[in-house]
S.K.: 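Pasting in a structure now, in structure tokens, and then I'll have a few things to ask.
All values below were derived from every heavy atom in this structure, side-chain atoms included, with hydrogens, water molecules and symmetry-related copies excluded.
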Amino acid sequence: MNGIKIITIVGARPQFVKAAAVSRAVAEFNRKETPITLNERIVHTGQHYDENMSKVFFDQLHIPRPDVNLKVGSGPHGRQTGAILEKLETVLTETKPDWVLIYGDTNSTLAGVLAAVKLHIPVAHVEAGLRSYNRRMPEEINRIVADRLSTLLLCPTPTAVSNLAEEGITEGVHNVGDVMYDSVLFNAELARKKSDIMQTLKLQPNSYYLATIHRAENTDDPDRLNSIAQAFEQIDMPIILPMHPRTRGKIGDANLFLPSQPSRTHPRHRHQSKNRLASPILIEPVTYLDMLTLEANARIILTDSGGVQKEAYWFEKPCVTLRDETEWVELVQAGCNRVVGADTQKIVEAVDEFEQAGCLLPANRPTDLYGDGHSAEKIIALLK
Ligand code: UD1
Ligand code: UDP
């Protein structure tokens, strides 16, 4: 029997969600009687390592256990990327795969593509072709390099295909749809049955907003973080905020969002709490099934996450994007997403406008922006 050896490189939370869809399709493919077997091995770079940022996803989504964990941990970009690169080189030299599969735009993606191409191993990039056209974002640099060096460019949207064409990249480019959609379709019903997050947090459907913040451009800029915090304080609706570990540190440093446990000694708190209507409910990062449940039951979603913007659309929730631009431009064109940056007033206005529309998405929006939910199968057909 012929085997195709694939090394999948993952390291950060959204990559576990994406890789889960493809690994599941690999297992299904291997169950069928075909002359070819796909032999997938997973390498975890260790970029994310907290249990609730990593292990819970492998457990809940039944992702095969990583064969190797490089355990690089956190650090500045050069150190983190360099550490992954060095360790991956050894793994790839020993395993000699036919394909290296990389996802998205993290430092693990960048190190993955560099390690592989220098060893002349072809790379397939899942979520190729996205652009924010903002080179101050570390993710933009990572994507540009990954796309330039990959052999197979697996795009989630026609926009991604045309972004690549504008850069002269046309060979090996395929619109396969979005693997995150495969994941949502597979897990939404499971989430409904298994997640008890609504009961745990004592939430009623449609009675809260859901927010996430983790982008460096927001967390590492005290003015932007403060401006978002001010908007949240003016919004008269409970906001559930599962906090990325990066954000927890920054919020602590800036003493934001704390008025729900007021400190009498901190002058800023006294000032901030004057006109405060509500304060976000800060919780630990939640599991994927809990996150899908929180999304499915929210009135509006406010986020700077890439994945969460699309999940909002799939659950038919209006999305307020806390960034200055988005890669997922089709959501904005369809009237499902408003990109407002970190501007307090614009955030509050966008929420008000969605409320005035009954928190309903435009009835005439396209419903197939990200493919048909069979992206992983298309990826496998191409690798084969
Ligand atoms: C990374 C990706 C970003 C992606 C995000 C998904 C890069 C450049 N950025 O950002 O594109 O949207 O993952 O969540 O690759 N930390 C912990 N525990 C963990 C992980 C991180 O405490 O398990 C803290 C550390 O203080 C660390 C900080 O979070 O320094 C940032 O982590 P890092 O992986 O460098 O970047 P993210 O912000 O997670
Ligand atoms: N997610 C999760 N728990 C959380 C926050 C996010 O399971 O507390 C999931 C979310 O549903 C989506 C993915 O993580 O599938 C998005 O990851 P993140 O926002 O960290 O990264 P991005 O998509 O911005 O790169």
Side-chain angles (χ1 to χ4, degrees), residues 4-12 14-29 36 38-43 61 63 97-106 108-117 121-132 139-140 142-186 306-307 309-311 314 327-330 368-384:
I4 298 179
K5 219 193 274 182
I6 302 168
I7 293 281
T8 292
I9 296 169
V10 289
Q15 295 171 324
F16 309 141
V17 174
K18 294 166 200 173
V22 175
S23 291
R24 202 176 51 251
V26 165
E28 266 166 38
F29 178 89
I36 295 170
L38 300 175
N39 179 4
E40 186 196 27
R41 292 186 179 188
I42 296 186
V43 175
L61 300 175
I63 307 170
D98 298 302
W99 281 107
V100 160
L101 197 51
I102 56 170
Y103 289 87
D105 51 22
T106 71
S108 298
T109 317
L110 175 64
V113 74
L114 288 176
V117 293
I121 301 166
V123 176
H125 183 203
V126 178
E127 218 178 63
L130 295 185
R131 293 292 180 270
S132 65
E139 292 85 357
E140 184 77 353
N142 295 346
R143 297 178 192 125
I144 290 170
V145 177
D147 287 341
R148 178 54 65 185
L149 299 179
S150 292
T151 301
L152 260 186
L153 295 115
L154 304 162
C155 298
T157 59
T159 309
V161 173
S162 61
N163 289 344
L164 290 175
E166 274 173 31
E167 294 174 20
I169 305 174
T170 51
E171 238 177 87
V173 176
H174 303 266
N175 176 13
V176 292
D178 197 315
V179 287
M180 289 190 96
Y181 188 34
D182 296 21
S183 241
V184 163
L185 289 178
F186 186 82
Q309 289 177 60
K310 290 172 292 166
E311 287 166 355
W314 293 320
E327 298 78 20
W328 305 105
V329 288
E330 49 287 317
D368 58 352
L369 289 173
Y370 299 103
D372 59 6
H374 294 281
S375 299
E377 287 152 58
K378 293 183 184 117
I379 289 169
I380 285 170
L382 288 163
L383 290 174
K384 189 165 66 97

S.K.: Test your reading of the model: is there a side-chain donor-acceptor pair from Asp147 to the backbone of Ala128, 3.5 Å cut-off?
M.R.: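 Answer holds: no.
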S.K.: Taking the six-membered ring of Trp99, is NZ or CZ of Lys5 closer than 6.0 Å to its centre and within 45° of its axis?
M.R.: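 No, Lys5 does not sit over the ring of Trp99.
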S.K.: Please enumerate all residues that pass side chain to side chain donor-acceptor pair (under 3.5 Å) together with Ser23, with sequence neighbours excluded.
M.R.: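 Testing Ser23 for side chain to side chain donor-acceptor pair (under 3.5 Å), a comparison that skips the adjacent residues, returns Glu40.
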S.K.: Give a yes or no answer on whether the side chain of Asn142 reaches the backbone of Thr106 with a donor-acceptor pair at less than 3.5 Å.
M.R.: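 Checking the backbone N and O of Thr106 against the side chain of Asn142, a donor-acceptor pair under 3.5 Å is found.
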S.K.: Answer yes or no: is there a donor N or O on one side and an acceptor on the other, between the side chain of His125 and the main chain of Gly104, under 3.5 Å?
M.R.: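 Such a contact is found between His125 side chain and Gly104 backbone.
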S.K.: Who pairs with Tyr370 by side chain to side chain donor-acceptor pair (under 3.5 Å), at least two apart in sequence or on another chain?
M.R.: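 Per chain and number, Tyr370 pairs via side chain to side chain donor-acceptor pair (under 3.5 Å) with Glu330.
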S.K.: Side chains of Ile144 and Arg131, heavy atoms from C-beta outward: is any pair under 4.5 Å?
M.R.: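 Answer yes - side chains close enough.
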S.K.: Please check if the side chain of Ser375 supplies one atom and the backbone of Val176 the other of a donor-acceptor pair under 3.5 Å.
M.R.: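 Checking the backbone N and O of Val176 against the side chain of Ser375, a donor-acceptor pair under 3.5 Å is found.
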S.K.: Examine distances only and state if a side-chain atom of Asn163 and a backbone atom of Gly129 form a donor-acceptor pair shorter than 3.5 Å.
M.R.: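 Flag set: sc Asn163 to bb Gly129 pair under 3.5 Å.
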S.K.: Without swapping roles, check the side chain of Trp314 against the backbone of Tyr181 for a donor-acceptor pair under 3.5 Å.
M.R.: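 Between the backbone of Tyr181 and the side chain of Trp314 there is no qualifying donor-acceptor contact (under 3.5 Å).
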S.K.: Okay, side chain of Asn39, backbone of Arg41: is any donor-acceptor separation there less than 3.5 Å?
M.R.: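 Not at all, since once roles are kept as given, no pair shorter than 3.5 Å links the two residues.
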S.K.: Could you tell me whether the side chain of Ser150 reaches within less than 4.5 Å of the side chain of Ile102, counting heavy atoms only?
M.R.: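 They are in contact (side-chain heavy atoms under 4.5 Å apart), so the answer is yes.
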S.K.: Is a side-chain N or O of Glu377 found less than 3.5 angstrom from the main chain of His374, in a donor-acceptor match?
M.R.: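 Not confirmed, Glu377 side chain does not pair with His374 backbone.
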S.K.: Taking the side chain from Thr157 and the backbone from Ala160, do they hold a donor-acceptor pair closer than 3.5 Å?
M.R.: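 Indeed, once roles are kept as given, a pair shorter than 3.5 Å links the two residues.
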